[in-house]
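All figures in this text were calculated on a predicted structure; none of them were measured in a lab. Convention: sequence-line order gives letters A, B, ...; per-chain numbering from 1.
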Amino acid sequence: MPFTLPPLPYSTNALAANGMCQETLELHHGKHHNAYVTALNGLIESKGLAGKSLEQICAEAGKSGAEGLPVLNQAGQHYNHILFWQVMQPGGGGDDLPGALKAKIDSDLGGLAKFKEDFKQAGVTQFGSGWAWLVIGNDGKLKVTKTPNGANPLSTGEGQPILGVDVWEHAYYLDFRNVRPNYLQNFLDKLVNWEVVADLLQKGGMKSGQSA
Amino acid sequence: MTLLHRRALFGAAAGAASLWAAPRATLAQTPPPAGPFRLPDLPYAFDANEAAIDARTMEIHWRFHHGGQVNGLNAALRDQPQLAAMPLDQLLMKLNEVPESIRTAVRNNGGGNANHTMFWQIMGGRGGEPTGELAQAIAQDFGDFATFRTRFTAAANGVFGSGWAFVTVTPAGRLGIVTKPGQDTPLMDGQRVLIGNDVWEHAYYLRYQNRRGEYTANWWNVLDWSRIAARYAAAKAGTLGV
């Protein structure tokens, strides 16, 4: 199968002390993410995706509007989760950011405190299922955005995401129930891998390395 | 206001309350407007739908998710006495007349209030099949009950992300199946709702996790067809609200 479920960069119980329990990670990675990979592989032939990169598929599906949704739902969610696993780590979060990332957030987003508020607000106000993002915009500046369901900044053409948080209820319901704001606060305080985010900033975005 | 209601309002208003024991700080916060919309009492105990939905999910779903939407709707309409005085179904049918600054809040919270109010009402039963006029309508529009159930379940399973599957009913009694994202409702298209199933993950995640198909299959076992028949009769009589 061309698309594959990447292994988690930590064990399924690694984030349990930081607000993401083992059952959540087992289900989220092993069931939800895996189902998107399986469904996407099932679309390669019928949708003519062979030879295209995951990033290209997301961008093209995003331009196709409602017609592109069946592909975007699966391809977007595959890309989104690949990024999501990378940008978390045990004992992450906090305010100790690598210098270049901190400077960029200061200059483009009005400082770390304001960025965190805006990022949380994006996540809280994404009604229903979706994602909140920190994106390198097409003008080279950082910005905070949100997208519904499986969409992402590649499919909307907004730029390259370097941090994403999943606000589908499956991402937080076992740990936080209906209280999404606490999940987002916990993500920023205890889970974000700022080193990876800084690395993605320096590289200009994430390359999934996956193609059909 | 019952103690149950008061706890629901405060808990949902805080948004950050721990589930089973709201911290003191939560209770000290200013409550949202007490009306005009209110969280309706559940017409049965939390465990009445155990054949499909566990009691804990029922309580969280009703108290916090639905309760939060009632509060959100009241907050959005705080300075809109004319809109706040409208019946909810009328308000949702005239969303384009709601000021743009609060339209999304009314759409999401008002839609959620209408959808959940209907959802609680049609459950609490033992499943089975409808009889009489409604059974005839299903046979006319879908062939037979099994086909109807299969088509509705497929529609519910096919909703990507958060949303609902509905059966709509015309004043002439004709039935249709539609899905909506978020908390949208066919009322927003001027259509009446006979029944609907909530496929937001919060509706089933604690018991079924990623297995939505098991939830949507079991859901049929708790429908109350006598209540649904009453909704059908009301739709034909022009008296069905949300």
Side-chain angles (χ1 to χ4, degrees), chain A residues 21-36 38-40 61 66 68-77 80-81 120-121 123-131 147-151 166-186, chain B residues 8 11-20 22-23 26 56-57 59-69 71-72 103-112 115 157-164 179-184 198-213:
Chain A
C21 69
Q22 181 169 352
E23 189 183 6
T24 292
L25 270 181
E26 285 173 356
L27 289 163
H28 199 172
H29 177 259
K31 301 292 184 185
H32 291 280
H33 188 174
N34 194 51
Y36 298 126
T38 303
L40 179 58
L69 274 180
V71 169
L72 178 59
N73 289 343
Q74 312 304 334
Q77 285 294 73
N80 297 348
H81 285 91
K120 266 189 297 180
Q121 187 65 13
V124 167
T125 58
Q126 174 51 54
F127 190 69
S129 308
W131 294 75
T147 53
N149 293 335
D166 189 347
V167 295
W168 284 59
E169 286 172 323
H170 65 235
Y172 62 86
Y173 212 76
L174 298 184
D175 296 291
F176 294 93
R177 302 291 193 269
N178 58 306
V179 195
R180 189 188 290 183
N182 286 8
Y183 160 72
L184 291 163
Q185 187 68 50
N186 182 78
Chain B
S18 80
L19 194 53
W20 302 112
T26 301
R56 190 168 52 150
T57 294
E59 180 169 7
I60 297 170
H61 198 172
W62 171 76
R63 187 187 299 282
F64 293 102
H65 290 277
H66 188 180
Q69 287 156 351
N71 293 340
R103 195 176 301 155
T104 298
V106 171
R107 175 179 171 179
N108 293 344
N109 291 290
N115 288 338
N157 292 345
V159 173
F160 191 78
S162 307
W164 289 74
T179 63
K180 292 284 181 184
Q183 293 294 349
D184 285 358
D198 188 347
V199 292
W200 282 59
E201 288 171 321
H202 66 236
Y204 60 86
Y205 210 78
L206 297 182
R207 178 152 165 189
Y208 299 96
Q209 297 86 46
N210 60 306
R211 304 183 311 279
R212 183 192 288 183

Under 4.5 Å from any heavy atom of chain B - which part of A:H170: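 Interface part for A:H170: both.
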
Measure distances from A:Q185 to the heavy atoms of chain B and classify the residue's part below 4.5 Å as side chain, backbone, both or neither.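 No part of A:Q185 comes within 4.5 Å of chain B.
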
Between A:N73, A:L27, A:N149, which has the largest tally of heavy atom pairs under 4.5 Å with chain B?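 Most heavy-atom pairs under 4.5 Å with chain B: A:N73.
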
Tell me which of these, B:E201, B:R211, B:Q209, has more heavy-atom pairs under 4.5 Å with chain A than the rest.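 Most heavy-atom pairs within the cutoff with chain A belong to B:E201.
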
Would you call A:L184 and A:V124 a side-chain contact if the rule is heavy atoms closer than 4.5 Å?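 Heavy-atom side-chain distance check passes, below 4.5 Å.
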
A:H81 side chain reached by A:W131 side chain, heavy atoms, under 4.5 Å: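 Contact flag for A:W131/A:H81 side chains = yes.
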
A:Y172 and its side chain to side chain donor-acceptor pair (under 3.5 Å) partner, picked from A:H28, A:R180, A:R177: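 Going through the options one by one, the only one that passes is A:R180.
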
Determine whether B:W200 and A:F127 satisfy the following criterion, ring-ring contact (aromatic ring centres under 6.0 Å, His included), listing intermediate values before the conclusion. CA-CA 11 Å; B:W200 282 59; A:F127 190 69; 5.3 Å; yes

